[in-house]
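Note sheet for the following structure.
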There are 2 protein chains.
Amino acid sequence: MYLVAGTSKLTCKGREAAAICRPQGSDAVVAHCWYRRKREATPGAERRRSTVKAEVPVTTTDERVLWVDAPSRKYPIIFRNKPSLHDSELFAPHISGNSVLIVTNETVAPLYLHRLREGLSRCPQVDRVEECILPDGEEYKTMDSLRAIIDVCMQKRLDRKSTLFALGGGVIGDLTGFAASVFLRGIPFIQVPTTLLAVVDSAVGGKTGINHPLGKNMIGSFYQPHAVIVDASTLKTLDPRQISAGIAEIIKYGLICDEEFFNWCERNVSKMVSLSPGAIQYAMERSCQCKAAVVAADERESSGYRAILNLGHTFGHAIEAATGYGTWLHGEAVAAGMVMAAEMSRRLGFIDEQVVRRIEAILTEAALPVRPPPSMNVETFLTYMAMDKKVERGVLRLVLLERLGKAIVTANYERQVLVDTIEYFRRLYQEQPENYERRLAHLRPK
Amino acid sequence: MYLVAGTSKLTCKGREAAAICRPQGSDAVVAHCWYRRKREATPGAERRRSTVKAEVPVTTTDERVLWVDAPSRKYPIIFRNKPSLHDSELFAPHISGNSVLIVTNETVAPLYLHRLREGLSRCPQVDRVEECILPDGEEYKTMDSLRAIIDVCMQKRLDRKSTLFALGGGVIGDLTGFAASVFLRGIPFIQVPTTLLAVVDSAVGGKTGINHPLGKNMIGSFYQPHAVIVDASTLKTLDPRQISAGIAEIIKYGLICDEEFFNWCERNVSKMVSLSPGAIQYAMERSCQCKAAVVAADERESSGYRAILNLGHTFGHAIEAATGYGTWLHGEAVAAGMVMAAEMSRRLGFIDEQVVRRIEAILTEAALPVRPPPSMNVETFLTYMAMDKKVERGVLRLVLLERLGKAIVTANYERQVLVDTIEYFRRLYQEQPENYERRLAHLRPK
């Protein structure tokens with residue numbers, strides 16, 4: 001069993017948002033989280049700053065636990081720094097039935113499937129460990145893959161007590177979570193993310209789904225896992241492109257709700273890129289903590305607050321869909337999308353150019369693209385952006401930066417500013433194509 | 001706008017379970033509802049009888065409203081006795097966005113699509129009425145049909161405020177509800193049931209889903225509609241087989257939770273078969289009321305109580321799957337399944353033979369089959385029943401009759417009794433095949 005060694009709670013307006021386990025005697029820093037709950041908003045006080053004192057030590061310990069207290073389920077994110085997938089005691093407390101199914105892909109399976117299989121087989125209650133291995137890549141986040149998982153569930157006669165394990169990155173996590181949410185109208189699932197992006201973003205918060213040829217994540221559900229179990233040692237086998245993609249989402253948290261964390265990221269980006277244990281552990285925990293607080297306040301995006309997590313995503317999803325899923329990694333598309341959102345925020349007078357330059361600089365240092373593909377023009381962007389889930393009655397709401405460390409979701413902008421923003425990047429390319437392409441050089445051929 | 005003329009509430013342990021609109025001055029009878037909430041159960045008092053006084057007048061009026069107060073959403077079931085699909089005032093209060101999509105099938109479309117389209121087009125907020133027409137039949141309740149609906153949603157650029165309308169029977173309702181629950185992770189939908197079975201069963205309660213080749217309703221979600229709108233005049237175009245199938249579910253409510261209603265059904269079965277307005281209206285309302293109370297107490301089947309609604313369904317689903325979806329109507333399979341569940345309850349000493357005979361008699365009078373297909377043996381039944389969603393850790397829980405008017409969900413039976421029950425019907429066939437087949441003569445060739 002894991003040790004919970006002292007707990008401090010994040011409280012948002014009386015609501016327990018997330019709690020972090022703090023090993024005694026560890027150094028601690030203070031994280032700041034923004035939140036808004038629409039129902040409770042009072043005129044003129046739409047958003048308030050809550051100094052959420054969650055103690056996040058910059059140390060590496062064997063195990064640390066952070067709780068996500070979503071309205072529909074409270075569950076732990078368990079961080080381990082040493083190889084732990086074979087450790088049945090890590091998994092046993094979270095499994096209720098006697099059969100489990102590991103869903104993974106052809107890249108992850110040779111690396112970690114046997115270890116997780118070993119760990120799960122040793123759980124005293126588990127009689128059967130089944131597996132489903134899918135092809136690797138965003139282009140397989142489809143209804144066909146969903147059907148493949150469900151077929152295995154049926155053929156292996158899983159029941160409502162069975163647990164699905166998502167062993168892999170965001171694609172595997174989103175697919176497995178969606179399958180778990182609809183098989184027998186919902187069975188338990190556990191996220192075992194093996195990419196940095198999945199740890200800090202997709203594995204936490206309960207958004208599951210698949211892509212449609214016309215748009216990303218268009219089909220899915222809100223469905224929380226029973227636990228998120230992070231074996232940070234698995235990150236060591238990541239391709240550098242995937243590490244960078246994860247760092248894009250980490251930087252996002254600083255931008256949308258935590259200026260102090262953004263400043264920390266600026267100072268530590270090279271440590272994150274090299275997966276320096278202290279830095280990456282801290283970055284993961286602080287990111288998960290930010291996400292947990294947002295999810296606790298607005299699990300189903302009903303107040304609109306949760307949409308701030310989508311900074312750069314509306315532009316980014318358009319890039320992913322237009323270039324063909326899998327060509328740009330999700331984090332890469334989000335990086336370029338965040339630069340576009342920042343540029344548009346500048347044009348609306350929210351932030352000054354120096355902030356845009358800082359964002360470009362940190363993303364560039366993280367080996368991320370900071371320009372959209374030159375092949376995409378205004379029409380292409382607007383066509384794909386029109387499919388965004390934040391469109392209501394034909395109006396696209398965008399996530400923009402009101403300032404560094406504060407995102408807003410708004411439909412209150414002139415459409416021409418959006419068009420000008422996209423055209424600005426087109427012009428940059430036309431004026432200096434070589435210079436422009438250098439800003440994309442980080443996008444190595446897959 | 002519709003008139004709500006006096007409301008009485010069903011209260012289950014302080015919880016508002018359902019409320020019924022009672023036109024002033026109408027005659028009323030008292031419905032009894034059983035409920036159990038596991039969390040609140042005290043030892044020795046697992047189930048209590050709650051005399052829920054819901055006033056159900058045996059009169060026909062133009063419009064009556066019954067509320068379903070599920071934990072996730074409270075919504076009305078609106079009954080109209082005269083043709084109303086063209087009436088925009090019936091629909092407008094329940095639509096939030098400016099675009100709607102009607103999902104229906106090739107049988108219903110020529111009859112009612114133009115009327116509903118007219119009604120929705122006239123709603124002041126609605127700019128666009130799209131349509132998706134699927135082939136008719138249980139055999140099309142598949143992932144391909146789900147994909148077809150989602151494709152239309154994407155192509156027509158529906159957004160999160162758009163509303164799906166399910167115009168048809170249970171297949172259309174389950175498919176449309178499932179599509180609504182996963183498109184953009186959930187958009188509003190409204191049930192417009194046009195079969196008796198859909199009115200009294202599938203349109204109410206939020207179970208959505210599709211079939212898998214190996215089992216019925218294996219993939220789906222719990223997702224409540226925003227409203228259920230019943231134009232009872234549409235029942236007049238139903239095939240007699242479909243009317244009987246609906247009556248099977250009506251009789252089920254009497255069996256599982258309302259002995260008095262069962263007695264009423266015995267006296268009025270011929271009136272129901274002929275769709276006599278007063279009788280069928282009363283039967284629909286009392287059925288919906290029973291279902292609403294069960295759903296309010298256990299929306300997601302988490303306490304297990306909701307499973308009582310599945311009396312006859314485990315046997316019935318096996319019949320549907322083994323004979324090929326669409327060969328037996330759902331209600332027909334449930335009728336034969338209820339006889340099997342009753343026979344097994346008798347063998348366990350819960351009920352005596354006279355009760356089994358009464359059940360067979362009323363179902364026979366409703367032109368329903370009371371025997372399983374002679375082609376199915378013990379192995380076939382057990383294979384399909386092993387896929388049932390009520391299986392946990394290899395143990396199948398069954399819904400049985402503790403007495404007339406009271407169902408229980410139990411795994412506490414000898415497997416041999418289940419085997420003996422199935423074999424009993426096999427033996428009946430072998431002994432007197434002609435007599436046996438006469439009990440299936442109600443199953444007219446499709």
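Atom set for the values below is all heavy atoms of this structure, side chains included, hydrogens, waters and symmetry mates excluded. Chain letters run A, B, ... following the sequence lines, proteins first and then strands; every chain starts at 1.
For the options A:R157, A:M154, A:M143, heavy-atom pairs under 4.5 Å to chain B are most numerous at A:M154.
Contacts of A:E130 classified as side-chain hydrogen bond (donor to acceptor under 3.5 Å, both in side chains), with partners at least two apart in sequence or in another chain: A:R128. Every residue meeting the side-chain hydrogen bond (donor to acceptor under 3.5 Å, both in side chains) condition with B:S181, not counting sequence neighbours, appears here in chain and number order: B:S221. Scanning for side-chain hydrogen bond (donor to acceptor under 3.5 Å, both in side chains) contacts around A:K141 gives A:D174, A:N217, with sequence neighbours left out.
Counting heavy atoms from C-beta on, the side chains of B:Q155 and A:H212 never come closer than 4.5 Å. Counting only heavy atoms from C-beta outward, the side chains of B:R147 and A:D144 approach each other to under 4.5 Å.
With respect to A:E301 and B:R185, no salt bridge is recorded, no charged nitrogen being found less than 4.0 Å from a carboxylate O.
When heavy atoms are compared at a cutoff of 4.5 Å, A:D151 approaches chain B by way of both its backbone and its side chain. A:S72 does not touch chain B: none of its heavy atoms, backbone or side chain, sits under 4.5 Å away. Heavy-atom distances place the side chain of A:L146, and not its backbone, under 4.5 Å from chain B. Neither the backbone nor the side chain of A:S162 comes within contact range of chain B; no heavy atoms are under 4.5 Å apart.
Heavy-atom proximity under 4.5 angstrom to chain B picks out A:A386, A:M387, A:K389, A:V391, A:E392, A:R393, A:G394 from residues 386-394 of chain A.
Around the OH atom of B:Y140, the shell of radius 6.0 Å holds no more than 12 heavy atoms that belong to other residues, nucleotides or ligands.
Of the listed residues (B:T208, B:I219, B:I210), just one forms a side-chain contact (heavy atoms from CB on, under 4.5 Å) with A:V182, and that residue is B:I219.
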